[in-house]
Each structure stands twice: as structure tokens, then as C-alpha cells.
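Residue numbers begin at 1 in each chain, while the letters A, B, ... track the order of the sequences. In this text the structure is predicted, and so the values were computed from the model without any measurement.
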Amino acid sequence: MKCKTILFAMVILLNINFIESQSVVIKNATIYDGISDEPFVGNILFEDGIIKKVSSTLVQGDISIDATGKIVTPGFIAADTEIGIVEIGALSTTRDDGSDIYKIGFSIHDAFNPNSTLVPWNRANGITSAITLPRNTSSPIGGLGSYFVLDGSLNITSNRDMVMIGRLGASNSSSRSETLSVMDDILSFASSITGKDIKSNSDLNALIENSAVASYMELMPRDLKALYSLMNENLPLIIKANRASDILKLIELKKKYKLNLIIMGAQESALVSESLAKNNIPLIVNPINNIPNSFDELASNINLSSRLEKSGIKLMFNTSRAHNYHLIRQGAGIAVANGMTYGGAIRSITSNVAESFNIKGRGVIKQGNIADLVIWEADPLEPSSMPEKVYINGVDVDLTTRSSRLRDRYTKNLEKPNTYRN
Amino acid sequence: MHIKKNKLILFIILISITDFSFAEKAPFESTYEALPPTNTIFRNANVYDGEGNEFSEIDLLIKDGKIIAMGSDLPGSSEFIEVDATGKWITPGIIDIHSHMGVYSAPSVTTSSDGNESTSPVTADVWAEHSIWVQDPQFALALKGGVTAFHVLPGSANLIGGRGVTAKNLQRNTINSMKFPDAPHSLKMACGENPKRVYGNRSQAPSTRMGNIAGYRKSWIRAEAYLSRLDEYEAKSDDAKELGYKPQRDLELDTLAGVLRGEILIQNHCYRAEEMAMMIDIAKEFNYKITTFHHAVEAYKIADLLADNNICAAMWADWWGFKHEAYDMVQANVAIVDQARNGTGCAIVHSDDEIGIQHLNQEASKALSAGLKAGFNISKARAMKWITSNPAKASGIYDQTGSLKVGKNADVVLWSKNPFSVYALAEKVYIDGALAFDRNSGLEPSSDFDIGILNPNKNRIQE
């Protein structure tokens with residue numbers, strides 16, 4: 001009896017070892033590596049979740065996947081989503097994106113639901129990881145986003161609180177000039193917080209009491225810790241802004257406080273592209289949105305991405321932020337149709353996101369990086385083409401979604417009542 | 001069968017009588033006039049004709065606003081501009097059956113938010129055309145996406161939201177001069193979450209889905225009574241008419257009676273399968289026809305029922321999740337509706353969106369691709385119907401446009417590539433045979449809003 005148990009245990013052990021040590025080679029693929037302008041035909045070898053070799057000469061692996069004539073890209077990285085913190089948009093009880101108490105240090109990290117239907121859905125569309133951002137708080141700077149790998153594991157792979165957000169622009173009540181003053185006051189206050197202060201909540205409470213802006217805004221120690229990270233840990237700060245004059249004001253703030261600034265929306269950025277390029281400010285733009293949706297966005301134009309690329313600005317793309325993030329590929333395709341380079345469009349949803357947000361080991365197909373890879377049935381920027389295979393951390397992930405299950409239920413085995421089908 | 005025929009005859013007589021009775025000139029008639037025609041012969045084009053056919057390397061002739069001929073090596077003449085369409089594609093003008101352009105204009109500001117008269121759950125008396133801001137800069141953007149006609153609906157806050165209007169995508173200074181001649185009005189109805197949320201939040205009916213259903217039925221009961229009062233009056237002799245009182249007109253009931261008479265088409269916002277089925281029952285109870293279910297995220301669950309009742313579904317290719325009733329999206333929805341009952345289903349791809357309307361060809365492409373993956377055998381030529389002839393039929397303008405049939409209006413798009421590709425751009429767009437947009441020459445309309453707004457010397461997006 002004892003012997004049997006031991007034998008059984010050994011078999012399991014061997015099995016695990018066997019799975020872990022299997023190497024996979026994707027052969028003869030047309031590789032857009034996420035960096036290069038042009039694709040190259042080659043082979044990608046990965047093992048234990050890590051890319052071991054990218055080569056134009058043949059490499060051997062335990063499992064061989066023929067990708068002749070197929071495009072392989074890095075898994076796409078979504079730069080601006082609410083994936084994992086919303087299940088149904090208009091149903092507030094399924095939303096975890098807002099805060100009542102914390103105006104700056106509000107983190108959505110612990111609300112992330114890897115079992116959300118949005119995770120397999122986005123994954124099946126080639127999006128393998130995502131930055132999830134909260135709703136704007138009542139403060140013009142505040143709210144922390146996190147980065148999540150969309151493998152669906154309850155053992156979440158994430159970068160916690162890796163970005164702060166903010167906004168500047170038209171409002172129903174107060175002037176944007178006041179918003180800028182408040183930003184300046186907050187950042188000035190943030191500069192005064194020391195490494196010693198953040199070790200003690202009582203020190204932080206004292207700082208709040210002695211600061212007009214912090215008292216008025218009823219900041220908490222948690223908010224001050226976030227501000228300390230912003231000023232001292234080079235935390236990316238995404239500010240949503242559109243009007244050209246607002247963008248110039250944000251550039252001034254970046255210089256004054258040495259911010260790691262990223263501007264999102266940026267519908268009028270082409271009017272100030274020289275300043276943006278000179279100050280190395282990456283942008284997150286929606287390549288499909290050419291609607292002058294407010295008086296801040298009058299310059300909205302379908303050729304925005306192409307013009308910004310020509311100015312040498314690092315671009316990332318966003319789109320509808322949750323269920324419909326798959327539209328990002330269509331958006332990238334539309335950017336190309338309107339003058340952007342293909343390589344540039346791919347970078348905007350891969351390496352540019354990884355670089356701008358300091359995401360290590362992803363977004364580029366190269367030796368030593370994590371094997372987040374997508375084999376496409378056809379051109380990934382044609383929205384009609386879908387992934388054939390998606391690897392996250394080197395694991396061949398299932399591409400079934402609730403939507404594909406519903407499709408099958410209503411197209412197969414129709415002789416049974418629907419509730420008795422698969 | 002016999003009885004039905006009799007009914008039909010009676011119906012026609014009623015229409016003629018009532019038409020006569022409202023002999024006073026109908027207000028808000030179309031005063032549309034086409035631009036001067038650009039008589040053109042397209043050479044060597046690839047064509048999707050909107051009827052389900054594909055042609056390669058063929059010539060197309062448009063003259064005096066109409067499609068004159070399609071064939072090989074058509075004779076040219078100095079009268080025609082020759083356009084070399086080698087390697088390019090021609091389709092009918094794209095038609096969007098669900099737009100809020102003009103009633104939810106850009107910029108999206110409170111002063112232009114005119115799409116929902118959400119002050120009462122039944123506002124059959126309001127007409128979307130009376131809200132349209134003709135300077136909305138969104139029209140020109142849609143034109144660059146190949147859209148030559150669109151149907152503007154009121155929003156979905158109300159059970160019965162008001163009349164919709166079909167317009168030519170040729171921006172003019174009055175809405176009457178944009179209205180599609182002889183296009184019927186529609187009536188917007190809405191199922192589900194929106195009406196019950198809007199009024200439920202005010203502790204007013206409807207606050208539930210059963211309240212929604214009661215609300216529709218109460219309205220139709222009033223409409224039936226109104227119609228019979230009108231009919232009774234019209235049936236009287238002239239002498240009797242002089243002695244009696246003419247029933248007072250009621251704007252709300254005028255519209256509902258128009259539906260019962262078959263003059264106004266029902267465009268019904270409805271996501272869930274069971275709600276669509278109930279709306280079909282109500283239509284049978286009151287003897288009217290539903291033309292199209294809009295959004296219809298769950299149409300695939302009742303595709304046969306829709307086909308059996310000759311009802312179209314206007315759908316997105318893949319939008320979902322923004323509300324509970326949009327949770328069960330399948331990308332093959334459009335294809336499943338199209339293929340129901342041996343391909344007799346009527347599928348439409350709509351936008352309901354100022355960005356989506358610019359890319360309806362791509363939306364059709366996604367829907368087609370999903371259909372092929374689900375195992376259906378659907379051609380691109382057939383999928384082109386989803387954004388051309390099917391929406392034309394469902395908005396009552398198919399006799400004039402929606403396909404490249406000889407004699408129809410020359411609403412034509414020349415695409416740089418196959419329009420099922422994301423890289424295809426509309427190069428030239430013709431409305432009634434007149435060039436309205438030309439990407440190469442830079443001919444494009446700009447609304448008065450666009451003039452000098454960012455730079456006094458330029459138009460809004462001029463570089």
C-alpha cells in the first residue's frame with residue numbers, strides 16, 4: 001500500500017516535470033516583434049514561459065508549431081482599460097472603479113476579478129495583459145491603476161499601483177485655470193513629503209494639518225504615500241487632456257516637477273506636436289475617434305496618429321475601455337489606413353506600452369522576454385482576423401469565451417431545447 | 001387566404017380616404033434637390049451590387065442622377081467623366097438605419113442634446129427631424145465613410161419615443177432640404193432597461209418590464225379608438241360631415257394611427273429575445289407591423305421567429321457588456337439572423353454611433369468573418385446587403401436606392417480596396433449621381449460649424 005502511494009506520487013512529479021520542461025518552437029512565422037518596422041520570417045523557441053531564442057535559422061523544440069504564412073506578434077498590451085473591475089457597464093454593483101474616501105491614493109488593485117468574462121474575451125482577441133485604471137476621483141490628480149496579466153489565474157500576476165491618473169479640461173462648474181492651480185498646489189505639497197514622513201502615519205497627519213490644500217481636500221495618509229511615489233519613484237502620471245493650450249500647460253507642469261507625464265485623449269496634440277516631441281511625452285490616443293466631441297477636441301482628426309508618428313512622438317492606443325477593447329486592433333488598422341506605418345501601429349499596442357509603463361519582459365518578442373505570443377490566422381490589424389493561438393507566460397491558453405459558448409449553443413445540436421445544449 | 005386579400009383591399013381604400021381627408025398640405029415635406037449630376041463612367045471596376053452579386057472588371061455608367069447601365073466595355077462619350085476603377089471596388093452608398101446625427105450632434109453639449117424627449121414615457125407626437133441641427137459636423141465624417149443616406153431616430157428613453165426621419169447625407173441649411181423624398185416616417189419604440197430606468201427612477205410608470213408592456217398596449221388601445229373615430233367621420237356623407245364635428249386632431253395619436261394604417265414603419269429598440277417575441281405579439285394584437293428590431297443583441301436566439309414574421313434585425317457586429325441586456329453578445333449574431341429559414345432572414349448592420357457610422361463596411365466585415373467561423377457559407381456580396389439594400393428596405397427607400405440596379409438613384413461609393421478590408425477608404429462618394437466627396441481632389445463638405453473655428457483662415461480639420 002505504501003509503495004503504491006509513493007509510486008503514484010512519483011508519477012505525478014514526473015508529469016509536472018515533463019510539462020514544465022517542454023519547449024515549444026513556433027516555426028517559420030512572419031514575426032512582428034513589437035519593435036522593428038518590418039517583419040522577419042523566423043522561429044521562436046520558448047520554454048518555462050521564457051523566450052529562449054528568436055532565430056531565422058531552424059531551432060528544435062519538444063513541440064513544434066508550424067506558422068508558415070502566419071503573423072506572430074507579442075500579446076497586445078492594453079494601455080487604458082477597466083478590465084477586471086467592471087462586469088456590466090451600466091450596473092453599478094458590478095463596478096469597482098470608484099472611490100468615496102481616497103482622492104489620490106485610491107487603488108483598484110485588490111478589486112481585480114480574474115474570473116470576469118472580460119478576461120477570456122480580451123485574451124481571445126489577442127490582448128494578453130492590460131493596465132486597468134480607476135474612474136477619476138474628485139481630485140484633478142489622483143487614483144492609482146495597476147497592470148494585470150490576463151491569464152485568468154486567481155493567483156494574479158500584476159504590477160500594483162504602477163500609474164497615477166488625473167484630468168484637465170472643460171467642466172460644468174469651475175475653470176480649468178483653477179484645476180491647474182490645484183494641480184500645482186498638490187504637486188508642490190507632494191514635493192515636500194520625505195521618505196521619513198511616509199514611515200509614520202502621525203507624521204503624515206501632521207503634514208496634512210499644516211497644508212491648506214491637503215486639509216481642504218481632506219487627504220489621508222494613503223493619499224500622501226501615493227504622492228510620495230509619484231514624486232520619488234518616477235511613477236507614470238496619465239493626465240487626460242485634449243485642448244492644445246491645456247497640453248502646453250501640462251508640459252510646463254512636467255518640467256517644473258520632473259513628472260513622468262503621459263497625456264491621454266490628446267485630440268489636439270497635433271497642434272503642439274513639436275513641444276510634445278521635444279519633451280519626450282508619450283501619448284495615449286484613440287485612433288478611431290475623430291469626433292469633435294467637446295469644445296476641447298475641435299481638432300479631432302482621423303489622421304492624428306499618423307501626424308504624431310511623423311513628429312516622433314511615442315504613441316499608445318486606447319479605445320472603448322472594457323468589453324469592446326478588442327476594437328483596438330481595428331483602430332490600429334484605421335490608423336494605418338490613414339497614413340501611420342504598420343510597424344508603428346504594432347508598437348503602439350505592444351512595446352510602447354511596455355516602455356512607457358516600465359513593464360518588464362513583455363511587449364517585445366526577444367530572447368529572455370516572457371512568452372506572451374499570438375499566432376494570427378491573418379493580418380492582426382484586420383478586425384475580421386482572429387488569433388489562432390495565444391500564449392501567456394508560455395502557456396497555450398484556451399480561447400473559449402462565454403460568447404463563443406453562446407454561439408455554439410445556438411448553432412449546434414439544435415434538435416435539443418436550448419437549455420439542454422452544451 | 002381569401003379573407004386576407006379582402007382585408008388588404010379594405011386597407012387600401014381606407015388609406016386613400018384618410019389621405020383625402022387630410023387634404024391640407026402636409027407640413028415638413030421634403031424639398032431636397034440633388035447637386036448637379038457628375039455623369040461618369042467607371043471603367044474596369046469590381047462591384048458588389050447590394051443585391052448579393054459580385055462582378056469583376058465591369059463598367060458602370062451613371063447619368064442625370066441615375067444608374068444607367070452596368071456591363072463590359074460600355075461605349076463612352078465626351079459627355080461622361082471616365083474614372084479608371086481598375087483594382088478598386090464599387091458598392092451602393094452605405095445606409096445606416098440607426099443614427100442620432102443631428103439630434104445628438106458634436107460637440108456633445110447640453111445645448112445640442114435633443115434626442116430624447118424624456119418627459120413622458122409616450123411621446124409619439126415628437127419628430128426627430130425637429131431636433132436635427134443641420135450644421136452637425138458629423139454628417140461630413142459619415143460621408144467620408146461612404147454613407148449616402150441615414151435614418152435618424154429619437155433616443156430610447158421612452159416606450160414610444162417619436163418619429164424618425166430618413167435623410168440624404170447632403171448637408172443643407174434646412175432639414176426639409178435634406179429629407180429623403182417619399183421616404184416614410186418611422187416610429188421609435190424601446191424595450192427593456194432604458195424606459196424602465198428613466199421613469200422608474202422618478203417613481204413613475206414604467207418601472208418594470210411588465211410596466212413597459214402595459215404602456216405600449218394602453219397606447220395602442222387609444223390609437224385604435226382614435227382611428228375608428230376618424231374612420232367613422234370619414235365614412236359619413238358630406239352633409240353629415242357638415243352637421244357633425246370633425247374629430248380634433250391629436251399629434252400623438254396621429255402618429256400611432258399612421259402606424260396602424262401601415263404608413264409609418266416601426267423601428268423598435270429591443271435587445272432581449274423574450275422581449276422581441278412579446279413585441280411581435282403586441283403587433284399582432286393591434287394589427288401593425290414591426291419593420292426592424294434595433295440593437296437586437298439576442299436576435300440569434302429567435303432568428304427563425306424573426307424570419308417567419310418578416311422582421312429585420314439591425315445589429316452591431318460585436319459590441320457588448322455596456323448594460324445587462326447587452327451581455328449575451330455573439331459575433332455571429334448578424335450571420336445567424338441572415339441565414340435563418342434557409343437564408344430568408346433580414347440582417348442589417350447599424351451603427352447607433354458617430355464613429356461606427358464611418359466604418360460600417362468594417363463592421364459588416366467582422367460580422368461576416370464571425371459567420372464564416374460559425375460554419376455558414378455567406379459571400380461578401382451577400383454581406384454587402386447588410387449595409388445597403390437591407391437597411392434601404394427596412395427604411396422604405398429600397399425602390400430608390402440601396403443597390404446598383406439600373407434606374408435607381410446613383411448613390412455610389414468607389415473604394416480604394418476591397419471594402420471588407422480595414423485599409424479600404426472611400427475615394428469618391430456620389431449622391432444622386434453627383435460627386436459629394438472626392439478624397440483625391442479634396443472635395444469635401446464642411447458644415448458652418450467647421451468654418452474658422454480653430455483658425456479663422458481655415459476649416460476645422462484643414463491643415
Could you tell me whether [X] atom [atom1] has more than 12 heavy atoms of other residues or ligands within 6.0 Å of it?
X        : atom1 : value
A/Glu274 : CD    : no
A/Lys249 : NZ    : no
A/Asn422 : CG    : yes
B/Asn440 : CG    : yes

Please identify, among [options], the residue contributing the most non-hydrogen atom pairs under 4.5 Å to chain B.
options                                : answer
A/Arg407, A/Arg405, A/Glu268           : A/Arg407
A/Leu118, A/Leu381, A/Thr401, A/Asp408 : A/Leu381
A/Thr411, A/Asn290, A/Val86            : A/Asn290

Below 4.5 Å, heavy-atom pairs only: which of [options] has the largest tally toward chain A?
options                                : value
B/Leu368, B/Val109, B/Asp328           : B/Asp328
B/Val422, B/Asp450, B/Leu372           : B/Val422
B/Ile336, B/Ile453, B/Asp318, B/Leu425 : B/Asp318
B/Gly321, B/Ser105, B/Ser369           : B/Gly321

Return the [atom1] to [atom2] distance between [X] and [Y], rounded to the nearest 0.5 Å.
X        : Y        : atom1 : atom2 : result
A/Arg402 : B/Tyr327 : CZ    : OH    : 5.5 Å
A/Ser320 : B/Trp319 : OG    : CH2   : 7.5 Å
A/Leu91  : B/Lys323 : CG    : NZ    : 12.0 Å
A/Asn289 : B/Gln358 : CG    : CD    : 9.0 Å

Problem - Residue-level interface, residues 137-147 of chain B with chain A, non-hydrogen cut-off under 4.5 Å - result: B/Pro137, B/Gln138, B/Leu141

Problem - Positions in residues 454-463 of chain B that reach chain A, provided some heavy atom is under 4.5 Å away - result: B/Leu454, B/Arg460, B/Ile461, B/Glu463

Handout entry: No-hydrogen, no-angle side-chain donor-acceptor test under 3.5 Å, B/Gln331 and A/Ser403
Key = no

Handout entry: Derivation and outcome, side-chain contact (heavy atoms from CB on, under 4.5 Å), residues A/Glu382 and B/Gln362
Key = CA-CA 9 Å; A/Glu382 285 284 5; B/Gln362 296 166 20; over 6 Å; no

Practice task
Please state whether the side chain, the backbone, both or neither of B/Phe376 comes within less than 4.5 Å of a heavy atom of chain A.
Solution key: side chain

Exercise for the section: Specify the closest pair of heavy atoms between B/Lys366 and A/Ser384, including all atoms of both residues, with the distance to one decimal. Expected result: CG-N, 4.3 Å

Exercise for the section: Provide the closest heavy-atom pair for A/Trp121 versus B/Met329 in the form atom of the first, atom of the second, distance. Expected result: CH2-CE, 3.5 Å

Exercise for the section: Evaluate the side-chain proximity of A/Ile288 to B/His359: yes if any heavy-atom separation is below 4.5 Å, no if none is. Expected result: yes

Using non-hydrogen atoms only, which part of [X] is less than 4.5 Å away from chain B: side chain, backbone, both, or neither?
X        : answer
A/Glu82  : neither
A/Thr117 : both
A/Asp379 : side chain

Completion exercise
Against chain B, residues from residues 323-332 of chain A with at least one heavy atom under 4.5 Å, in numeric order, are A/His323, A/Asn324, A/His326, A/Leu327, A/Gln330

Problem - Within residues 292-308 of chain A, residues adjacent to chain B where the heavy-atom gap is under 4.5 Å - result: A/Pro292, A/Asn293, A/Ser294, A/Phe295, A/Leu298, A/Ala299, A/Ser300, A/Asn301, A/Asn303, A/Arg307

Problem - B/Glu354 side chain to A/Ile291 backbone, donor-acceptor under 3.5 Å - result: no

Exercise for the section: Assign the ring pair B/Tyr423 / A/Tyr342 to parallel, tilted or perpendicular, where the plane angle (0 to 90°) is split at 30° and 60°. Expected result: tilted

